[in-house]
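Down below is the structure, laid out as structure tokens.
Just so it is clear, the values below take in all heavy atoms, side chains as well, and ignore hydrogens, waters and symmetry mates. Just so it is clear, the structure is predicted and the values come from calculations on it, not from any experiment. The residues of the chain are indexed from 1 along the displayed sequence.
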Amino acid sequence: GIGRTTKGSIKAIAYASREDKAEQKAFATEISRNGLIGENARAIYHELMAVAHQNHRVAKPFYNVVLSPSAGHTLNWTLEDWEKLVDDFLSKKDLVGNQYIAYLHQDTDTSHLHLIVNRIDFNGENKVNQRFIGIQTSTVANELAKDRGWETVLEESKKKSDQQIQLYGNVLINGLKESLNLEDLSTNLKELGYGLNLQFDQNERLKGMKIFQFSEVLENEKRKQNRQKPKNYGVKFSELSRGHESFKKLEAVNLQVVLE
């Protein structure tokens, strides 16, 4: 989960509701709301600010949250499942009575929720401590994952990274079997659909290497064309040396020495 406090704007609400992308065939589904009746970003913003103005000590009255479970967990979810996720998050943060609106985005790789919550309740009390707000949000998101029997984001990320290290390491081993030098290695890996990024020092000694799939590069090109953030791809040799048994405690230059 990602969370931050903001001053709030009509533009931010229009992004969450996809009102700003109506002509680009991007859309959002409203999941639930509380204390709001407006039908567009401008109306919703003014309703939120009317309540926020009860507490002038809070400079950033909006709490913006993104909840993005992994695609495998939500593949067969109904809108009711997404609504329960919103309800559970707000309950854990003690924000059920505050103004909020939640939108579901399903026009990206991973379906995710955007919540816009008023930190100020109807009595003028600030209900969200701004200190370490990002960590607060991530903690609650991890609790929601555990409540549903899911791995946390950190656990999932580590598992995926470990699997990737084993896969790429095994591919590199196969490429090395048929190679007499680094040029051979690059050629052999290319036939397998993989590429190498090599870094040399001023003495032409190999100091760094990354192995990647060409399909990852193509995917990032598509993401750029669609104005989406590129993903990190490939595995560095330093990662292989820490996580793959065949390359434990080795450095990239060791490959160069063996091959040449």
Side-chain angles (χ1 to χ4, degrees), residues 1-4 66-73 108-110 112 132-139 141-143 145-146 150-260:
I2 300 172
R4 61 193 180 98
V66 177
L67 297 177
S68 182
S70 65
H73 294 318
T108 59
D109 292 342
T110 303
H112 57 278
F132 302 123
I133 190 67
I135 295 175
Q136 288 183 47
T137 308
S138 295
T139 299
N142 284 336
E143 289 176 8
K146 288 181 177 179
W150 301 341
E151 294 177 324
T152 65
V153 172
L154 188 61
E155 290 168 338
E156 282 190 354
S157 178
K158 186 180 185 307
K159 184 177 180 180
K160 185 176 180 180
S161 176
D162 289 344
Q163 291 173 342
Q164 196 173 34
I165 286 171
Q166 298 309 311
L167 170 63
Y168 285 56
N170 292 340
V171 169
L172 184 57
I173 290 171
N174 288 333
L176 287 167
K177 289 177 181 178
E178 304 296 329
S179 302
L180 298 176
N181 50 50
L182 289 174
E183 187 176 348
D184 282 351
L185 180 59
S186 294
T187 300
N188 291 331
L189 289 177
K190 188 173 183 179
E191 292 177 357
L192 298 172
Y194 290 77
L196 285 179
N197 282 338
L198 304 175
Q199 291 181 313
F200 297 90
D201 63 18
Q202 59 185 5
N203 297 315
E204 296 300 315
R205 284 166 51 89
L206 187 65
K207 69 174 185 178
M209 182 181 77
K210 176 190 274 191
I211 179 172
F212 61 90
Q213 293 187 56
F214 291 117
S215 59
E216 295 175 303
V217 178
L218 293 174
E219 181 184 349
N220 263 355
E221 288 299 322
K222 290 180 181 178
R223 295 183 70 85
K224 289 178 182 178
Q225 291 172 8
N226 294 326
R227 296 183 179 179
Q228 295 176 306
K229 184 179 179 180
K231 291 183 177 180
N232 291 327
Y233 64 88
V235 170
K236 297 177 181 178
F237 191 82
S238 58
E239 295 174 289
L240 294 177
S241 69
R242 290 193 300 268
H244 196 287
E245 194 62 36
S246 297
F247 301 102
K248 277 285 177 71
K249 298 182 179 179
L250 295 178
E251 296 181 359
V253 69
N254 296 125
L255 290 187
Q256 186 180 25
V257 172
V258 169
L259 289 172
E260 298 180 356

In chain order, what residues pass the side chain to side chain contact (heavy atoms under 4.5 Å, CB included) check against [X], with sequence neighbours excluded?
{"X": "N220", "value": "R223, P230, K231, Y233"}
{"X": "R205", "value": "D201, N203, V253, Q256"}
{"X": "E143", "value": "K92, T139"}

Atom pair [atom1] ([X]) and [atom2] ([Y]), whose distance is rounded to the nearest 0.5 Å:
{"X": "S179", "Y": "L185", "atom1": "OG", "atom2": "CG", "answer": "4.5 Å"}
{"X": "K207", "Y": "E251", "atom1": "NZ", "atom2": "CD", "answer": "12.5 Å"}
{"X": "K177", "Y": "N188", "atom1": "NZ", "atom2": "CG", "answer": "12.5 Å"}
{"X": "K236", "Y": "S241", "atom1": "NZ", "atom2": "OG", "answer": "11.5 Å"}
{"X": "S70", "Y": "H112", "atom1": "OG", "atom2": "NE2", "answer": "14.5 Å"}

message: Quick one, L182 and F200 - any side-chain contact, counting heavy atoms below 4.5 Å?
response: yes

query: Below 4.5 Å, heavy atoms only, C-beta onward: do F237 and L206 meet side chain to side chain?
result: no

Check against side chain to side chain contact (heavy atoms under 4.5 Å, CB included), R242 and S238: CA-CA 6 Å; R242 290 193 300 268; S238 58; 4.0 Å; yes

query: Around K248, counting heavy atoms of other residues, nucleotides and ligands shown, do more than 12 lie under 6.0 Å from its NZ?
result: yes

Under 3.5 Å, which donor-acceptor pairs link side chains of residues 189-197 to any protein atom two or more places apart or in another chain?
none

message: Please give me the minimum heavy-atom distance between P69 and T110, naming the atom from each residue.
response: O-CG2, 3.2 Å

Give every donor-acceptor pair under 3.5 Å between a side-chain atom in residues 160-173 and any protein atom, sequence neighbours left out.
| unit_1 | atom_1 | unit_2 | atom_2 | d |
| --- | --- | --- | --- | --- |
| D162 | OD2 | K158 | NZ | 2.9 |
| Q166 | NE2 | G243 | O | 2.9 |
| Y168 | OH | Q213 | NE2 | 3.3 |
| Y168 | OH | E216 | OE1 | 3.0 |
| Y168 | OH | E216 | OE2 | 2.9 |
| N170 | OD1 | H244 | NE2 | 3.0 |
| N170 | ND2 | Q166 | O | 3.1 |

Residues which pass ring-ring contact (aromatic ring centres under 6.0 Å, His included) with F214, listed by chain and number, not counting sequence neighbours: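 F214 satisfies ring-ring contact (aromatic ring centres under 6.0 Å, His included) with F212 only.
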
